[in-house]
Peer 1: 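Take this structure, written in structure tokens, and hold onto it; I'll ask about it next.
Computed from a predicted model, the values in this text were never measured in an experiment. FYI, side chains are in, hydrogens and waters are out, and symmetry mates aren't considered; it's all heavy atoms of this structure. Numbering starts at 1 and runs along the sequence shown.
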Amino acid sequence: MSTDGERVQHVNPSLDLPTPSGVASALVHTSTVDAVVAAAKVLTVVLLMDLAPSPAVAVGGLMAFAIYASNKLVDAEDETNAPARARFVARYRRELAAATAVATVLALALAATAGPLALALTLLPAVAAVAYSVRLPVVDRRLKDVLGASTLLVAVSWAFPTVALPIVWVDGAFTATAGVAFTFYLVQTAVAFEVRNVRDVAGDRAEGVRTFPVVFGTASTRRLLYAVDATALALYAAATAAGVLPLAVGLVFAVATVASVGVTRCVDTGRDDARICLLRDANYGLVLLVVALAA
């Protein structure tokens, strides 16, 4: 026979409501944050270049979601490098795979309406993702395992479509301002990729993946990234002085780069690396806001 307490517990089970931190983690683990950031980058280019609004912004977000989510579905290193994410993906694998498929179809269908070049630009990150993860038939190696090549591949395959897709969509011209914007996103993406490698050095070493932190150590990798960001700062200063960038945009590019240096300095030092790296994503929101106000 059940006691009164057992009957009350049966009738009034506790509700397992999501917490704010749980919702935030889900947005990160499902690549929703990645999608929003990617869309914000494309919108920034639209405003900076004074382009007509187009579905390129949505396409950028959808493809980022699809590619980052699909990568999480197959990334074996997550078991070591990001166990919380690996558990989340294992629990919701079916739903995440379905959402990835839908996002891919929508992005490609939209891009196809703008012509073959827009479609090719949309596919570029996906092609790079395959080359990054799959052994290529001739060399029998993954580009992921080639020191430096993986960073360049990832950075170019994301930065170039971010800038070129909205331009191609409206038959615009690739100007000097577009070139500086491409450099900004190229450097930000490359540095972010290597900072992630600093965080993931244990898992990469266990899997035999050759990254700069694995080969040269984290201290040397930090110094290299500082040098890359310093070079980018000099370029933004020169572009602003030459009138290629509005003063406000040159300043916010510089602020985002200084913040990038701070992230590189703080990651893998006993702090919450996931939260620190999210600050870099927040930079893109700041850049979008300043560009929108300066437009």
Peer 1: Please round to the nearest 0.5 Å and tell me the distance separating atom CG of Leu165 and atom OG1 of Thr122.
Peer 2: 4.5 Å
Peer 1: Let me see the working for Tyr284 and Thr44 under side chain to side chain contact (heavy atoms under 4.5 Å, CB included), right down to the final yes or no.
Peer 2: CA-CA 9 Å; Tyr284 295 122; Thr44 299; over 6 Å; no
Peer 1: Atom CZ of Arg196 and atom OG1 of Thr211: how far apart are they, to the nearest 0.5 Å?
Peer 2: 9.5 Å
Peer 1: Roughly how far, to the nearest 0.5 Å, is the CG atom of Asp34 from the CD1 atom of Ile67?
Peer 2: 11.0 Å
Peer 1: So, taking the atom named CG in Leu43 and the one named OG1 in Thr162, what distance separates them when rounded to the nearest 0.5 Å?
Peer 2: 12.0 Å
Peer 1: Does the side chain of Leu224 reach to within under 4.5 Å of the side chain of Phe216, using non-hydrogen atoms?
Peer 2: no
Peer 1: Transitively linked via ILVMFWY side-chain contacts under 4.5 Å: Met49 with Leu117?
Peer 2: yes
Peer 1: If the test is side-chain contact (heavy atoms from CB on, under 4.5 Å), which one of Val287, Val57, Leu288, Thr189 qualifies with Lys41?
Peer 2: Thr189
Peer 1: Mind checking what makes side-chain contact (heavy atoms from CB on, under 4.5 Å) contact with Val215, not counting sequence neighbours?
Peer 2: Leu147, Arg210
Peer 1: Side-chain contact test, heavy atoms from C-beta onward, threshold under 4.5 Å: evaluate it for Asp229 versus Leu233 and give yes or no.
Peer 2: no
Peer 1: Mind checking whether Val249 and Val255 sit in one hydrophobic cluster, side chains of I, L, V, M, F, W, Y counted as touching below 4.5 Å?
Peer 2: yes
Peer 1: Just say parallel, tilted or perpendicular for the rings of Tyr68 and Trp158, cut-offs at 30° and 60°.
Peer 2: parallel
Peer 1: One pair to check against side chain to side chain contact (heavy atoms under 4.5 Å, CB included): Thr183 and Leu235. What are the steps and the verdict?
Peer 2: CA-CA 9 Å; Thr183 302; Leu235 173 65; 3.3 Å; yes
Peer 1: Looking at Ser260 and Ala256, would you say the former's side chain and the latter's main chain have a donor-acceptor pair under 3.5 Å?
Peer 2: no
Peer 1: Within the structure provided, determine whether Val195 and Val263 are in side-chain contact (heavy-atom separation under 4.5 Å).
Peer 2: yes
Peer 1: Is the closest side-chain heavy-atom distance between Tyr185 and Val45 below 4.5 Å?
Peer 2: yes
Peer 1: Is Asn197 close to Phe212 at the side-chain level, that is, under 4.5 Å between some pair of heavy atoms?
Peer 2: no
Peer 1: Quick one: does Leu110's side chain get under 4.5 Å of Leu62's, heavy atoms only?
Peer 2: yes
Peer 1: Should Val291 and Leu247 be counted in the same cluster of Ile, Leu, Val, Met, Phe, Trp and Tyr side chains packed under 4.5 Å apart?
Peer 2: no
Peer 1: Show, in sequence, the C-alpha distance, side-chain angles and deciding distance for Phe193 and Leu152, and conclude whether the side chain to side chain contact (heavy atoms under 4.5 Å, CB included) test is met.
Peer 2: CA-CA 10 Å; Phe193 186 80; Leu152 185 61; over 6 Å; no
Peer 1: Treating Thr177 as the side-chain partner and Leu245 as the backbone partner, does any N or O pair qualify as donor plus acceptor under 3.5 Å?
Peer 2: no
Peer 1: Which word best sums up how the rings of Phe253 and Tyr236 line up, parallel for under 30°, tilted for 30 to 60°, or perpendicular for over 60°?
Peer 2: perpendicular
Peer 1: Test of understanding: clusters of I, L, V, M, F, W, Y form through side-chain heavy atoms closer than 4.5 Å, transitively. Do Val156 and Val163 belong to the same one?
Peer 2: yes
Peer 1: Measure the spacing between OG1 of Thr100 and CZ of Arg93 and express it to the nearest 0.5 Å.
Peer 2: 10.5 Å
